[in-house]
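Presented below is the structure to which this report refers.
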2 protein chains.
Amino acid sequence: MTSGTIAGTRWLTAEEQVRWRAYLNASVRLMNALGRQLEQDSDLSLSEYEVLVQLSESPGRMMRMSQLAAEVVNSRSRLTHTVRRMEERGLVERQSCADDGRGVNCVLTPAGFARLEEAAPGHVAAVREHLVDRLDDEQFRTLGELMDKVGEALRDS
Amino acid sequence: MTSGTIAGTRWLTAEEQVRWRAYLNASVRLMNALGRQLEQDSDLSLSEYEVLVQLSESPGRMMRMSQLAAEVVNSRSRLTHTVRRMEERGLVERQSCADDGRGVNCVLTPAGFARLEEAAPGHVAAVREHLVDRLDDEQFRTLGELMDKVGEALRDS
DNA sequence: GTCCTTTAGTTGATCGTTCAATAAGATCAC
DNA sequence: GTGATCTTATTGAACGATCAACTAAAGGAC
């Protein structure tokens, strides 16, 4: 849409449009590239990989479903489906929570941890190749800070 | 994964991990927020909206399928499915290409253009609310430049 | 302690995406 | 101009994500 079509809207300026499209285009391509690498080399989606990472860094390599969903920015429903599929593949297990009858703990299995160890080098290399190494250190820090600002505003959404 | 687990990998430093996660987290939340707004207020996915935008800005409000796929960063297959659904809803039409027997032109219908006009204000407002207005002008320009650099490296992927 | 609300998690149907296979027109070597 | 190859676009199956409906436990009011 171009300015003036409908009154009362603060349209993006030409420059803002260029920037927004640069962002949108690059972010989609980046996610595609990272997803494709993980899928091909390790038979994991980016979401599944993030689940493995979060669990591996959590005490006892386990986490409550709802907390895990929040960390990987998934809906509860989506996480349930993802975890069920990962459980069928032996990457995680579920056990009911001792102190909360509603709760479920998702636990990383040794096989899941091993899978993460296999997948991590290739994934990190891809993150470097397509993102980190495209920018110098200060630029990458800036990107992180700017996106952190954006993410903060979207904290609970 | 933390440094040292497997030899020969240039792991991300602690700071790089923080930045990468800030990026990943914010970009997912941003896309979710924009997609949800469009879906709820205009019954369009972000992909469908982008198709409408590209067509509306193209001469004759039409574009070859493959060019359109490239512009919106979709696979040909995905675009075919998306366009078929949009055609069923009367937003676009397909006509075979005069000068290339293989080609198909995707044409924006008046109804499709009207739908874009309806959807645009809300979408632009959301892009402002969640992204543009979170940063000052220089910061947003910087973000655009950095992401452009990242996107350039992913040009054909 | 009963009722009401909130929170945690799951389920199944529906819809969108991906992938491999296919068809057919263009292009190029020769 | 014939055959090999590349490009364009589509198809259908398999898979993943979304959404609304649901179960069950926890928390709070009184």
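Naming convention: chains lettered A, B, ... in sequence-line order (proteins, then strands); numbering from 1 in each chain. Computed over heavy atoms, backbone and side chain alike; hydrogens, waters and symmetry mates excluded.
Proximity of residues 24-48 of chain B to DNA chain C (heavy atom under 4.0 angstrom from any strand atom) is not detected for any residue. Within a heavy-atom distance below 4.0 Å of DNA chain C, the residues of residues 85-99 of chain A found are A:R94.
Residue pairs that meet the side-chain hydrogen bond (donor to acceptor under 3.5 Å, both in side chains) test with at least one member in residues 98-109 of chain A, sequence neighbours left out, are A:R64-A:D100, A:D100-A:R102. Screening residues 26-47 of chain A for salt bridge (charged side-chain N to carboxylate O under 4.0 Å, His left out) gives A:D43-A:R89 as the qualifying pairs, with residues at least two apart or on separate chains.
Applying the salt bridge (charged side-chain N to carboxylate O under 4.0 Å, His left out) test to B:R10 and every residue at least two apart in sequence or in another chain returns A:D133. Partners of B:Q67 according to the side-chain hydrogen bond (donor to acceptor under 3.5 Å, both in side chains) rule, which considers only residues two or more places apart in sequence or in another chain, do not exist here. Considering only residues two or more places apart in sequence or on other chains, A:R134 meets the side-chain hydrogen bond (donor to acceptor under 3.5 Å, both in side chains) condition with none of them. Partners of A:E15 under the side-chain hydrogen bond (donor to acceptor under 3.5 Å, both in side chains) rule, at least two apart in sequence or in another chain, are A:R19. Take A:D148 and apply the side-chain hydrogen bond (donor to acceptor under 3.5 Å, both in side chains) test, not counting sequence neighbours, and it matches no residue.
Side-chain atoms of B:R78 and B:H81 include no donor-acceptor pair closer than 3.5 Å.
Inter-axis angle, ends of the helix from C:dG1-D:dC30 to C:dC30-D:dG1, five pairs per end, rounded to 10 degrees: 30°.
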Grab the N/O contacts between the protein and nucleotides 1-7 of chain C below 3.5 Å, and write none if there aren't any.
from  : atom 1 : to     : atom 2 : distance (Å)
C:dT7 : O2     : A:R102 : NH1    : 2.9

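Counting any heavy atom pair closer than 4.0 Å across all strands shown, B:R84 reaches no nucleic acid atom.
For the pair A:T80 and B:S75, both in contact range of DNA chain C, the more 5′-proximal nearest nucleotide belongs to A:T80. When each of A:M65 and B:D100 is assigned the nucleotide of DNA chain C with its nearest heavy atom, A:M65 is the one assigned upstream, toward the 5' end.
In this structure, A:V107 and A:Q95 have side chains that are in contact, with non-hydrogen atoms separated by less than 4.5 Å. B:L46 places a side-chain heavy atom less than 4.5 Å from the side chain of B:H123.
The CD atom of A:E118 lies 7.5 Å from the OG atom of A:S42; values are rounded to the nearest 0.5 Å.
Within a 6.0 Å radius of CD in A:E88, more than 12 heavy atoms belonging to other residues, nucleotides or ligands are found. Other residues, nucleotides and ligands contribute at most 12 non-hydrogen atoms within 6.0 Å of the CD atom of B:E93.
Boundaries of the chain A contact region on DNA chain D are D:dG16 to D:dA26, first to last in 5' to 3' order (nucleotide atom under 4.0 Å from a heavy atom).
Residue-to-nucleotide contacts include a donor-acceptor pair under 3.5 Å from the side chain of A:H81 to the base of C:dG12.
Under the 4.0 Å criterion applied to side-chain N and carboxylate O atoms, B:R21 and A:E57 are assigned as salt-bridge partners.
In this entry the distance linking CG of A:L68 with P of C:dG9 reads 10 Å, nearest Å.
Tested against A:F113, the residues A:L91, A:L108, A:L52 include a single side-chain contact (heavy atoms from CB on, under 4.5 Å) partner, A:L108.
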